[in-house]
Number of protein chains: 2
Amino acid sequence: MQRQAITIRDVAREAGVSVATVSRALNGHANVAEPVRRLVHEVAQRLRYSPHGAARSLSSRSTQTIGVVLPDLHGEFFSELIRGIGAGARARRRHMLLSSYHGDREQQAAALRAMRGRVDGLLVMSPFADQPGFLEENLPPLPTVLVNTQQAEVAWPAFEIDNHAGAVAMTNHLLSLGHRRIAFIAGPAHNYDARERLRGFREAIAAHPGAQGSEYEGEFDEASGHRAGRRILAGDARPDAVFAANDMMALGCLYAFAQAGVRVPQDIALAGFDDIPLARFVHPSLTTMRVSIAQLGGRAVERLLDQIETGADANGPVSASDADRQVMAPELVVRASCGGPEHPASGTEPRENTKA
Amino acid sequence: MQRQAITIRDVAREAGVSVATVSRALNGHANVAEPVRRLVHEVAQRLRYSPHGAARSLSSRSTQTIGVVLPDLHGEFFSELIRGIGAGARARRRHMLLSSYHGDREQQAAALRAMRGRVDGLLVMSPFADQPGFLEENLPPLPTVLVNTQQAEVAWPAFEIDNHAGAVAMTNHLLSLGHRRIAFIAGPAHNYDARERLRGFREAIAAHPGAQGSEYEGEFDEASGHRAGRRILAGDARPDAVFAANDMMALGCLYAFAQAGVRVPQDIALAGFDDIPLARFVHPSLTTMRVSIAQLGGRAVERLLDQIETGADANGPVSASDADRQVMAPELVVRASCGGPEHPASGTEPRENTKA
DNA sequence: CTGAAAGCGCTTACAG
DNA sequence: CTGAAAGCGCTTACAG
């Protein structure tokens with residue numbers, strides 16, 4: 001059974017008016033007589049008419065949709081980002097066209113180009129944006145806001161987590177607890193967040209006379225954290241504290257310590273970054289930097305929609321200034337792994353209702 | 001700087017051919033002379049032309065996009081679902097229009113209607129689908145597949161987790177361990193998954209002579225699990241085992257037991273449902289039913305795309321049969337909370353690379 | 001307040 | 001193999 005799609009012409013015929021009048025009535029234009037407006041609405045409802053999105057977009061030159069181009073959909077970072085963007089879009093009655101691609105440069109270029117004529121603006125997270133020309137060549141002529149993305153030069157408005165400041169804050173926290181020999185488990189070098197966190201760690205160590213930093217490689221996953229933990233224990237000068245560039249690696253490291261009978265925080269302090277849900281549940285609970293990814297997404301979409309609505313949709317690289325690069329500060333969360341309170345209020349603190 | 005959008009006419013003019021030829025060349029139609037094809041591609045590339053999505057959709061009557069309508073974006077269930085759908089869509093070169101709405105019936109109705117002319121098919125998860133007429137009245141005339149959704153009558157193809165079978169399996173597992181008095185912490189009654197899990201528990205208990213079930217209310221969150229745990233301990237006949245309808249409640253319950261000094265599994269066994277990432281990290285690690293949400297989404301999108309491509313896009317409620325209701329069985333994961341191995345391979349088992 | 005008509009940017013029979 | 005033309009389903013100046 002192929003239901004025949006109802007068009008605006010059907011409504012017009014049935015209501016005995018022109019399609020122009022139907023369009024005006026349904027779009028809430030003022031210049032429609034009240035009885036006509038009512039009639040049209042009544043007929044449209046009876047016929048279960050709903051306008052054809054592509055047709056409407058083409059003639060009105062507006063899609064009521066924002067495009068979201070991400071490098072991946074895996075993991076909590078992206079799910080929180082999408083949730084934040086989705087909430088922001090919904091609040092302002094926009095749809096969301098989601099395009100993930102695999103890490104390949106050409107694939108992302110294609111994804112960006114394919115957005116033309118489908119969306120009114122773009123939210124982009126791209127590992128290739130630091131390659132000169134990449135965005136200029138592939139971004140459709142649309143307002144665009146970047147998220148957690150390093151640009152070749154500041155050209156588009158951008159929102160990002162202040163990874164550098166967060167790493168400085170955490171390092172300083174460890175130093176303030178009296179730790180002097182601090183090991184850092186770094187994330188992958190190709191990752192922007194990872195580089196910024198490493199940079200923050202190095203700066204904070206360098207700024208503190210007497211502090212001594214050491215660095216270990218990691219891949220942002222549990223396994224590499226575990227390997228780093230073992231290497232740390234195998235070294236001859238055991239550090240006072242370990243700062244892992246993200247929580248997953250901190251958990252892997254924690255497990256390596258547990259296996260070796262090294263107690264946290266008594267024998268060695270441990271800290272992570274991200275405040276993933278697990279962080280408060282492990283034993284000891286993990287000191288970390290909390291980043292609000294959903295809020296990052298929400299703010300970015302706000303900014304994008306403002307830009308779309310003011311029509312000042314300067315889309316080229318000329319419009320942005322440094323003022324348009326907004327960083328969001330993470331927050332230090334002290335837990336037991338650095339001598340803070342254990343498992344604060346877990347089990348009593350109400351959490352979000354989760355589906356199933 | 002408002003870059004002027006390049007249209008197919010610009011390419012045609014520049015290449016000295018008609019727009020029809022440009023269209024054919026760019027869409028890979030066979031009937032274009034090779035030199036012409038090359039010229040057109042070259043010009044299009046030089047001009048950085050990309051076709052206007054709405055225009056293309058309107059004239060070709062195809063959007064290369066699937067619509068996804070969900071009740072919420074919160075929590076791991078939805079992020080995994082989106083990830084699975086996204087991977088499936090990408091594999092078959094489709095875009096994904098994501099529309100979440102708040103729990104309200106009218107809002108979902110509007111979200112469904114707004115999909116017309118924007119997508120070629122729909123993936124829908126709806127708590128209102130059990131109300132007769134809701135889908136019939138609001139679904140656009142498009143191929144549609146339902147996900148984890150209870151229909152008034154089987155009318156659309158549907159994919160869902162076999163919550164009933166999972167609950168039966170878990171209850172039988174607890175019985176097989178020798179437990180006879182089993183408490184069940186239920187999820188919210190308005191939730192389909194919750195109802196199915198409860199139904200499975202009751203059936204398995206009823207089928208086992210000598211087994212004795214008791215039921216406690218819960219809301220699928222940690223706090224309600226904690227409350228239920230306290231009530232369970234406060235009762236006079238302490239059960240041998242507790243089966244929580246999801247992991248979050250199991251964790252809350254676990255914490256209540258820990259506070260009361262009740263040991264798991266020595267004093268009481270505990271099991272959950274979902275296998276959330278936390279489940280293997282808590283102490284004791286949690287026995288649970290693993291459900292592959294991403295796979296659920298992936299299969300559903302496969303089915304939808306097949307339907308779209310065969311053009312047999314029967315979209316009305318007549319086409320589906322019971323054969324079109326596919327259930328996916330969850331898998332029992334035995335861990336320490338029921339006497340299984342503690343923290344299996346954690347820290348060594350490589351996990352997915354997570355962004356930051 | 002209302003309608004006829006042009007136009008949005010493509011694709012696709014239809015001729016040739 | 002190629003082009004002129006119609007058409008997809010809307011919106012929006014333009015007249016009246």
Side-chain angles (χ1 to χ4, degrees), chain A residues 4-41 43-44 47-65 113-120 140-142, chain B residues 4-41 43-44 47-65 113-120 140-142:
Chain A
Q4 189 53 49
I6 307 273
T7 74
I8 195 171
R9 304 180 64 106
D10 299 311
V11 179
R13 189 183 336 101
E14 187 77 9
V17 297
S18 72
V19 296
T21 295
V22 174
S23 174
R24 291 191 194 102
L26 259 24
N27 288 314
H29 292 200
N31 51 352
V32 178
E34 181 56 23
V36 175
R37 198 191 62 73
R38 266 207 300 272
L39 172 64
V40 169
H41 274 271
V43 170
L47 263 37
R48 282 180 199 157
Y49 168 72
S50 55
H52 188 282
R56 197 211 274 259
S57 295
L58 183 59
S59 55
S60 70
R61 326 195 113 276
S62 152
T63 64
Q64 302 300 322
T65 303
R113 292 210 204 89
M115 288 286 165
R116 159 150 129 90
R118 300 175 168 276
V119 303
D120 298 332
L142 251 27
Chain B
Q4 190 53 49
I6 308 273
T7 74
I8 195 173
R9 304 181 63 105
D10 299 310
V11 179
R13 189 183 336 103
E14 187 77 7
V17 299
S18 72
V19 296
T21 296
V22 174
S23 173
R24 291 192 194 101
L26 261 24
N27 288 315
H29 293 200
N31 50 352
V32 179
E34 181 55 21
V36 176
R37 198 193 62 75
R38 266 207 301 271
L39 172 66
V40 168
H41 274 270
V43 171
L47 263 36
R48 282 179 199 157
Y49 167 71
S50 55
H52 188 282
R56 196 211 274 259
S57 296
L58 183 58
S59 54
S60 69
R61 326 194 115 276
S62 152
T63 63
Q64 302 300 321
T65 304
R113 291 210 203 91
M115 289 286 164
R116 157 147 130 93
R118 301 174 167 276
V119 304
D120 298 333
L142 251 29

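So you know, we letter chains A, B, ... as the sequences are listed, proteins then strands, and number each from 1. Computed from a prediction, not measured in an experiment: that's the story for all the values here.
- Protein atom CZ of Arg24(B) is 10 Å distant from nucleotide atom P of dT12(C), rounded to whole Å.
- For Thr21(A), a side-chain nitrogen or oxygen approaches OP1 or OP2 of dG3(C) to under 4.0 Å.
- Comparing dT11(C), dG9(C), dT11(D) by their closest approach to the side chain of Asn27(A) singles out dT11(D).
- Between the side chain of Ser60(A) and the main chain of Arg56(A), a donor-acceptor pair closer than 3.5 Å is present.
- One interatomic measurement links the two molecules: OH of Tyr49(B) to P of dG9(C), which rounds to 10 Å at whole-angstrom precision.
- What separates NE2 of His29(A) from P of dC10(D) is a distance of 14 Å, to the nearest Å.
- For the pair Asp10(A) (side chain) and Thr7(A) (backbone), a donor-acceptor distance under 3.5 Å is present.
- At least one donor-acceptor pair under 3.5 Å links the side chain of Asp120(B) to the backbone N or O of Thr63(B).
- Note: CD1 (Ile6(A)) to C1' (dC8(D)) measures 17 Å, nearest angstrom.
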Let's go through Arg118(B) and Thr65(A) carefully: what are the C-alpha distance in whole Å and the side-chain angles of both, what is the deciding distance for side-chain contact (heavy atoms from CB on, under 4.5 Å) to 0.1 Å, and is it a yes or a no? CA-CA 10 Å; Arg118(B) 301 174 167 276; Thr65(A) 303; 3.2 Å; yes

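- A residue-by-residue look at Val32(A) and Arg116(A) shows that Val32(A) has its nearest nucleotide of DNA chain C further toward the 5' end.
- Without hydrogens or angle criteria, His41(A) side chain to Ala25(A) main chain gives a donor-acceptor distance under 3.5 Å.
- One atom, CZ of Arg9(A), and another, C1' of dG7(D), lie 11 Å apart when rounded to the nearest Å.
- Although no hydrogens or angles enter the test, the distance criterion places no donor-acceptor pair under 3.5 Å between the side chain of Ser23(B) and the main chain of Val19(B).
- For Asn31(B) and dT2(D), the shortest distance from a side-chain N or O to OP1 or OP2 is not below 4.0 Å.
- Between Gly16(B) and Arg56(A), the residue anchored nearer the 5' end of DNA chain D, judged by the nucleotide with its closest heavy atom, is Gly16(B).
- Between Ser59(B) and dG7(D) there is no side-chain polar atom (N or O) within less than 4.0 angstrom of OP1 or OP2.
- Per the geometry, CD1 belonging to Ile8(B) stands 14 Å off C1' belonging to dA5(D), to the nearest Å.
- One finds a side-chain N or O of Ser18(A) lying less than 4.0 angstrom from the OP1 or OP2 phosphate oxygen of dG3(C).
- The nucleotide dG3(D) finds its pairing partner in dC14(C), both defining distances of the Watson-Crick or G-U wobble pair being shorter than 3.5 Å.
- The phosphate of dG9(D) has OP1 or OP2 within less than 4.0 Å of a side-chain N or O from Arg61(B).
- Counting only heavy atoms from C-beta on, Leu58(A) has its side chain closest to dC8(C) among dG3(C), dC8(D), dC8(C).
- One can place CG of Leu39(A) at 16 Å from P of dC1(C), the figure rounded to the nearest angstrom.
- Distance Leu26(A) CG to dT2(C) C1': 16 Å, rounded to the nearest Å.
- Looking at heavy-atom distances under 4.0 Å, Arg37(A) makes no contact with the nucleic acid at all.
- Nucleic acid contact for Ala33(A): sugar-phosphate only, since backbone atoms but no base atoms lie under 4.0 Å from a heavy atom of the residue.
- Among the protein residues, Ser23(B) comes within range of the nucleic acid bases, having at least one heavy atom under 4.0 Å from a base atom.
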